[in-house]
Amino acid sequence: MKRIIIALALLAIGVATSATAQDAPRRHIYLNPDADIEERIEDALSRMTLDEKIAIIHAQSKFSSPGVPRLGIAEIWCTDGPHGIRPEVLWDEWEQAKWTNDSCIAFPALTCLAATWNRQASDLYGVSIGEEARFRDKDVLLGPGVNIYRTPLCGRNFEYMGEDPYLAAQMVVPYVKGVQRQGVAACVKHYALNNEELHRHTVDVELSDRALYEIYLPAFKAAVIEGGAWSIMGSYNKYDGTYACHNDRLINHILKGEWGFDGVVISDWGGTHSTIEAIRNGLDLEFGSWTDGLTEGASNAYDMYYMAQPYKRLIESGEVGTEELDDKVRRVLRLTFRTAMNPYKPYGAMCSEEHSAAARHIAEEGIVLLKNASNNLPIAADAKRILVVGENAIKMMTVGGGSSSLKVKYEVSPLDGLRNYYGDRAEIIYARGYVGDVTGDYNGVVTGQNLEDDRTSEELIAEAVELAKGADHVIFIGGLNKSETQDCEGADRTQYGLPYAQDEVIKALADETKHLTIVLVSGNAVAMPWLNDVESVVQAWYLGSESGNAIARVLSGEVNPSGKLPFTFGVKLEDYPSHSGKCTFPNPDKAVYYEDIFVGYRGFEEHNIKPLFAFGHGLSYTTFKYSNLRLSSDVFGKDETLQATLTVTNTGKRAGKEIVQLYIGDCESQQPRPKKELKDFAKIELQPGESKDVTFDISADKLCYYSSEVGGWVVEPGEFVLYVGASSADVRLTKRFELR
């Protein structure tokens with residue numbers, strides 16, 4: 001309906017503009033879709049009234065902003081992501097519109113995508129979700145998220161890409177490009193420093209410039225400069241005393257100034273707080289300033305937004321000019337011409353077989369085998385009776401968690417996935433084990449599952465243990481869920497350990513059988529006091545529509561696991577730098593003090609804390625040998641490129657994929673530096689006995705650090721160490737080299 005209205009409006013403008021000869025030449029430029037976008041922008045801008053300019057820089061509904069019907073300029077329609085296309089909601093409410101054709105394919109959460117360490121998988125993800133957005137006539141996909149994993153308690157970590165800025169930067173770029181090739185804008189979020197949920201509307205982040213540039217901005221920068229992102233979403237929190245959605249330094253100086261961003265800065269829903277700051281500090285498009293859309297009255301709710309009539313009154317009174325307004329309008333028009341009014345964008349597709357296959361492939365690539373003692377996995381081929389225990393084996397995980405909640409065409413549970421895979425070859429039996437969250441609805445999307453169970457925990461554990469006695473293999477599927485205080489927007493976790501007394505269930509099962517596999521469904525690290533008592537542990541993330549099929553194929557050995565952790569698992573919460581000293585999380589005085597550059601594995605290594613599982617860790621059903629590391633030179637200059645090459649051999653009996661990780665450490669620096677930092681990686685596939693060479697290019701920009709004193713990046717000549725390994729803690733080869 002939207003596009004039909006626009007087409008009629010285009011006809012109307014043709015009639016209207018033909019009335020005056022003065023407008024005719026400009027009409028030709030504007031209506032020609034092959035004309036340069038900048039020409040079309042200037043032509044459209046010159047025709048717009050003040051009211052029309054004001055109108056298109058703020059919302060007209062929960063998820064849309066108006067175009068200019070008089071000029072045939074289309075509306076912009078947004079949709080929540082970043083794991084699937086959110087169902088339609090009512091015009092002014094979060095509740096469902098109750099369409100019957102707005103189900104989607106749920107793709108794995110972005111923690112899983114990051115765990116693939118596979119740039120091609122990221123491109124496939126972007127293309128697939130972009131096609132679904134395009135088919136649903138959406139212009140802006142509100143995702144992906146790239147906020148850094150600073151604490152394992154952040155309720156929204158499952159939507160992000162881990163703790164390392166280089167990994168996140170490398171994984172976000174193909175996603176953005178893949179989405180935007182479909183004529184849909186990626187809206188990279190949440191810019192910036194949105195690393196907790198509980199106090200996200202009030203916290204004021206304090207950190208060094210060095211930490212800002214080295215840790216928290218690189219993924220956003222890559223999305224803009226390398227990915228060419230068309231939109232960015234501001235975050236709720238404050239930085240340096242000013243809200244991020246209209247923060248002069250973050251938006252005007254860094255995003256639009258240093259990085260040359262030519263797209264639209266969109267407020268998070270309800271993230272705007274000041275008309276003057278919004279005008280002057282770079283916000284371009286305001287959404288959701290009152291979440292019910294009706295606070296100021298049904299007839300004029302959106303006209304009362306900060307960048308609506310209050311802005312117009314300031315212009316009419318002479319308190320502000322129109323220079324900032326025209327810049328905002330140009331950006332919104334540029335977004336419109338790139339998306340809604342792009343005549344060459346593809347048609348898209350929804351819930352296709354190809355999208356299901358893509359979701360499963362990404363899930364399989366991201367599942368991480370954390371532990372596998374005595375080759376407990378894959379499940380023995382002659383296993384005839386397999387016991388599955390745990391609520392997460394049956395609970396739908398696509399509903400809930402906040403704005404990433406989805407209405408899916410289907411979701412294969414882990415239990416059903418195992419039953420589908422094994423069929424008549426093995427008996428798959430089930431025991432609940434524990435009762436966690438029995439709810440199954442969010443914003444009107446209802447799973448229809450009845451998870452009520454009034455048995456005591458003792459009864460549930462006794463049943464599981466009894467059934468385990470006759471099982472060839474026991475699989476406990478637990479972890480977290482998408483309920484409040486678990487992995488969920490708007491709140492943070494309240495404990496590092498597993499909820500719902502799952503530790504007791506695991507210990508009871510471990511006492512009964514050695515053939516026990518723990519599968520953790522979560523977007524965060526958890527404590528594992530039972531780790532030494534179990535044979536194998538698998539990190540399975542939130543895997544979307546194909547969850548159960550992907551898990552079954554990995555556990556059975558049909559797929560060899562190849563994912564690696566995008567963040568560090570600590571033994572206990574206090575191991576994380578964000579939970580020690582001045583950096584305690586959360587901070588009750590609403591000021592959050594960041595731990596400088598020593599986040600994640602950087603902090604663990606700085607303080608000599610041994611992790612439970614290191615950043616980059618992930619096992620395989622085969623083994624890999626690293627050898628023959630050689631450099632193109634031992635010394636190179638700042639304008640030269642050094643090449644590092646090594647040989648990787650599959651020394652096992654199965655084909656598999658290995659993620660080779662390159663870290664670099666500075667032997668001596670004027671400023672404190674991490675012992676080593678990730679600077680490149682490659683995912684390669686090898687047949688049994690096969691060897692391949694892997695080559696990395698090292699340039700001076702991979703050796704620099706940000707100096708707050710200089711106000712820029714510094715490269716110091718001297719000696720560096722190159723570390724190549726299977727994780728940040730599993731270094732296989734080293735070489736020294738010098739930058740002259």
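Residues: numbered from 1 along the sequence shown. Quick caveat: nothing in here was measured; it's all calculated off a predicted structure.
By the side chain to side chain donor-acceptor pair (under 3.5 Å) test, Tyr166 pairs with Asp680, sequence neighbours left out. With sequence neighbours left out, Asp209 forms a side-chain contact (heavy atoms from CB on, under 4.5 Å) with Tyr239, Arg249, Tyr706, Ser708. When the side chain to side chain donor-acceptor pair (under 3.5 Å) test is applied to Ser403, the partners found at least two apart in sequence or on another chain are Arg156, Glu489. Every residue meeting the side-chain contact (heavy atoms from CB on, under 4.5 Å) condition with Leu45, not counting sequence neighbours, appears here in chain and number order: Glu42, Lys53, Asp326, Val329, Arg330, Leu333. Taking the side chain to side chain donor-acceptor pair (under 3.5 Å) definition, one finds that Tyr311 meets it with nothing, sequence neighbours left out. Checked against ring-ring contact (aromatic ring centres under 6.0 Å, His included), Tyr442 has no partners two or more places apart in sequence or in another chain. Listed by chain and residue number, Thr398, Leu406, Val408, Ser545 satisfy the side-chain contact (heavy atoms from CB on, under 4.5 Å) test with Ala106 (two or more places apart in sequence, or in another chain). A search for side-chain contact (heavy atoms from CB on, under 4.5 Å) contacts involving Cys112 returns Pro108, Trp541, Leu543, not counting sequence neighbours. By the side chain to side chain donor-acceptor pair (under 3.5 Å) test, Thr100 pairs with no residue at all, sequence neighbours left out.
No side-chain donor-acceptor contact under 3.5 Å links Ser405 to the backbone of Gly401. The backbone N or O of Thr272 lies less than 3.5 Å from no partner atom in the side chain of His246, so there is not a single donor-acceptor pair. Here the side chain of Lys328 pairs no donor or acceptor atom with the backbone of Ile57 at under 3.5 angstrom. With hydrogens and angles disregarded, no donor-acceptor distance shorter than 3.5 Å links the side chain of Thr275 to the backbone of Pro310. Within the 3.5 Å criterion, the main-chain N or O of Glu38 finds no donor-acceptor partner in the side chain of Arg334. Not one N or O on the side chain of Ser267 forms a donor-acceptor pair closer than 3.5 Å with the backbone of Trp269. Not one N or O on the side chain of Gln60 forms a donor-acceptor pair closer than 3.5 Å with the backbone of Tyr302. The backbone N or O of Gly490 sits less than 3.5 Å from a side-chain atom of Glu197, completing a donor-acceptor pair. A distance-only check finds a donor-acceptor pair linking the side chain of Glu286 to the backbone of Met307 [under 3.5 Å]. A distance-only check finds no donor-acceptor pair linking the side chain of Ser352 to the backbone of Ala349 [under 3.5 Å].
Note that the OG1 atom of Thr339 and the CG atom of Leu141 stand 12.0 Å from one another [nearest 0.5 Å]. To the nearest 0.5 Å, atom CG of residue Asn342 and atom CG of residue Asp139 are 10.0 Å apart. The line from CZ of Arg47 to CD of Glu52 is 11.5 Å long, rounded to the nearest 0.5 Å. Summarising the geometry, atom SG belonging to Cys488 is positioned 9.5 Å from atom CD belonging to Glu159; distances are rounded to the nearest 0.5 Å. Rounded to the nearest 0.5 Å, atoms NE2 (His355) and CD1 (Ile105) are 8.5 Å apart. Here the CG-CG distance, from Leu250 to Leu193, works out to 6.5 Å after rounding to the nearest 0.5 Å.
Contact annotation: the side chain of Asn443 approaches that of Arg86 to within less than 4.5 Å [non-hydrogen atoms, C-beta and beyond]. You'll find the side chain of Asn247 stays beyond 4.5 Å of the side chain of Asn281, heavy atoms only. When side chains are defined from C-beta on, Asp80 does not count as touching Ser404, because their heavy atoms never get closer than 4.5 Å. Annotation: side chain of Leu142 is not in contact with side chain of Thr79 (no heavy-atom distance under 4.5 Å). Between Ile215 and Arg210 there is no side-chain heavy-atom pair separated by less than 4.5 Å. At least one side-chain heavy atom of Leu255 sits less than 4.5 Å from a side-chain heavy atom of Val265. Proximity of Arg134 to Asp137: side-chain heavy atoms (C-beta onward) are separated by under 4.5 Å at one or more points.
Remark: Arg200 is not positioned above the aromatic ring of Tyr236, lacking an NZ or CZ atom under 6.0 angstrom from the ring centre and at most 45 degrees off the axis.
Counting only residues at least two apart or on different chains, no ring-ring contact (aromatic ring centres under 6.0 Å, His included) pair has a member in residues 315-335. Residue pairs meeting the side-chain hydrogen bond (donor to acceptor under 3.5 Å, both in side chains) criterion with at least one member in residues 167-185, sequence neighbours excluded: Arg119-Gln170, Asp123-Arg181. Applying the salt bridge (charged side-chain N to carboxylate O under 4.0 Å, His left out) rule to pairs touching residues 275-284 yields Lys256-Asp284, sequence neighbours excluded.
Under 3.5 Å, the side chains of Tyr160 and His190 contain a donor-acceptor pair of N or O atoms. Checking Glu258 against His253 by side-chain atom types alone, no donor-acceptor pair falls below 3.5 Å. Residues Arg150 and Asn157 bring no donor and acceptor atom of their side chains to less than 3.5 Å of each other. Between the side chains of Gln96 and Glu88, no donor N or O sits under 3.5 Å from an acceptor N or O. Counting only N and O atoms by type, the side chains of Asn237 and Ser235 include a donor and acceptor under 3.5 Å apart.
Ring centroids of Phe337 and Trp230 are separated by 6.0 Å or more, keeping the two rings apart.
Smallest separation of non-hydrogen atoms from Ile251 and Ala244: CD1-O, 3.5 Å. Listed here is the closest heavy atom pair of Ile148 and Val599: CG2-CG1, 4.1 Å. The minimum heavy-atom distance between Ala229 and Val188, with the atom names listed, is CB-CG2, 4.0 Å. Residues Leu110 and Gly145 approach most closely at CD1-N, 3.6 Å, considering heavy atoms. Contact detail for Cys187 and Ile232: the closest heavy-atom pair is SG-C, 3.7 Å. Annotation for Val172 and Pro144: closest pair CG2-CG, 3.6 Å, computed over non-hydrogen atoms.
Using a cutoff of 4.0 Å between basic side-chain nitrogens and carboxylate oxygens, Asp204 and Lys238 are not scored as salt-bridged. Between Asp262 and Arg331 there is no salt bridge, since no side-chain N of the basic residue sits under 4.0 Å from a carboxylate O of the acidic one.
With a 6.0 Å radius and a threshold of 12 heavy atoms from other residues, nucleotides or ligands, Trp713 has its CH2 atom above the threshold.
Note on ring orientation: taking the six-membered ring where Trp is involved, the planes of Tyr125 and Phe107 are tilted (angle from 30° to 60°). Ring planes of Tyr594 and Tyr216: tilted class, angle from 30 to 60°. A perpendicular orientation is assigned to the rings of Trp77 and Trp91, their planes being inclined by more than 60° (bins at 30° and 60°).
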